[in-house]
Asks: 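Starting off with a structure, shown below.
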Amino acid sequence: MVVVHDTDSGRLSGRIVETEAYPVGDAAGHAFRGKTPRNGSLFLERGHAYVYLNYGISFLLNVSSEARGVGGGVLLRAIEPLEGVDMMAESRGTTSFADLGRGPGRLTKALRIDLDEDGLDLCAAGPLWLATDGHETGTIRKSVRIGITRDAHRLLRFYERGNIHVSGGRKLRQ
DNA sequence: AAGAAGATTCGCT
DNA sequence: GCGAATCTTCTTA
């Protein structure tokens, strides 16, 4: 699908090409130890945005995936930029097309997403929403998740094979 | 109350 | 390839 952010300066959008699942009962998930001031949005009805500040540096965007009151979600790790590429380059401070949305923190910076978007319903009318994709979908592959230690063996990372916007090195894109 | 780890990125070597 | 930047949560005293 496509993530769309309608801002005062224009529309930003990108096709999701890499995700990671953090299901119920997964020790690596933020909801594993219950609700906190930060992760409350993970417990909203499936389809809501959970945005948080990671390592004190980068905002990361998730989509809640369970019934209201149950914590679980999907991390968006990379997008292929579609609309608003110039604005994205300005936000990211680079003109390298492949790098604009390559990585979970870069993705939010390109789309200008921060705590203002936390808790928004992505399946309703609003500034941030998910659109269906008219593009052809390539082969979807799976692997272990990146940057975690708990439940590290689970194959819960999904990405489009060979896509240059997928994060990690060459191997992690094949 | 203090320290360490964590779903990362960037600049420098 | 390595370390810094820097906020939230968890662990240990």
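Every chain is numbered from 1 and lettered A, B, ... according to where its sequence line falls, protein lines coming before strand lines. All figures in this text were calculated on a predicted structure; none of them were measured in a lab.
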Asks: With Phe97(A), which of Arg102(A), His165(A), Met88(A) fulfils side-chain contact (heavy atoms from CB on, under 4.5 Å)?
Replies: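 Result: among Arg102(A), His165(A), Met88(A), His165(A) is the only option passing the side-chain contact (heavy atoms from CB on, under 4.5 Å) with Phe97(A).
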
Asks: Are Asp99(A) and Thr94(A) close enough, and set up right, to give a side-chain hydrogen bond (donor to acceptor under 3.5 Å, both in side chains), and what steps lead you there?
Replies: CA-CA 8 Å; Asp99(A) 290 336; Thr94(A) 179; 5.2 Å; no

Asks: Using modelled atom types only, decide if a donor and an acceptor are shared between the side chain of Asp26(A) and the backbone of Pro23(A) within a distance under 3.5 Å.
Replies: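 Not at all, since once roles are kept as given, no pair shorter than 3.5 Å links the two residues.
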
Asks: Could you state the OH-P distance from Tyr50(A) to dT8(C), rounded to the nearest angstrom?
Replies: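 Going from OH in Tyr50(A) over to P in dT8(C) covers 11 Å.
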
Asks: Applying a 3.5 Å limit to both distances, which nucleotide forms a Watson-Crick or G-U wobble pair with dA7(B)?
Replies: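 When the pairing criteria are applied, nothing turns out to pair with dA7(B), so the answer is none.
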
Asks: Could you check whether Arg92(A) gets within reach of a base, just the sugar-phosphate, or nothing at all, counting any heavy atom under 4.0 Å?
Replies: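 Here Arg92(A) touches the backbone only, sparing every base.
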
Asks: Could you give the distance separating dA7(B) and dG1(C) at their P atoms, to the nearest angstrom?
Replies: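 These two P atoms come out 23 Å apart once rounded.
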
Asks: Send over the distance from Asp114(A) CG to dT8(C) P, rounded to a whole Å.
Replies: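 About 14 Å, once rounded to whole Å.
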
Asks: In terms of side-chain geometry, is the basic nitrogen of Arg173(A) or Glu160(A) positioned less than 4.0 Å from the acidic oxygen of its partner?
Replies: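 Between Glu160(A) and Arg173(A) there is no salt bridge, as every charged N stays at least 4.0 Å from the carboxylate O atoms.
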
Asks: Looking just at side-chain N and O atoms, do Arg77(A) and Ser167(A) make a donor-acceptor pair shorter than 3.5 Å?
Replies: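 Yes, side-chain donor-acceptor contact under 3.5 Å.
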
Asks: Do His30(A) and Tyr52(A) have ring centroids that are under 6.0 Å from one another?
Replies: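 Close enough - the centres of the two rings lie under 6.0 Å apart.
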
Asks: Under 4.0 Å, counting only non-hydrogen atoms across every strand here, what does Ile57(A) touch: a base, just sugar-phosphate, or nothing?
Replies: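 If one applies the 4.0 Å heavy-atom cut-off, Ile57(A) turns out to touch a base.
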
Asks: Base, sugar-phosphate or nothing for Arg145(A)? Non-hydrogen atoms, less than 4.0 Å.
Replies: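 The answer is nothing, as Arg145(A) stays clear of every strand by at least 4.0 Å.
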
Asks: Using chain A heavy atoms and a threshold of under 4.0 Å, write down where along DNA chain B the contacts begin and end, 5' to 3'.
Replies: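 Under 4.0 Å from chain A, the extent on DNA chain B is dG6(B) to dC10(B).
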
Asks: Want to settle it: does Pro37(A) or Tyr55(A) sit nearer the 5' end of DNA chain C, counting the closest nucleotide to each?
Replies: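 Taking each residue's closest nucleotide, the earlier one in sequence belongs to Tyr55(A).
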
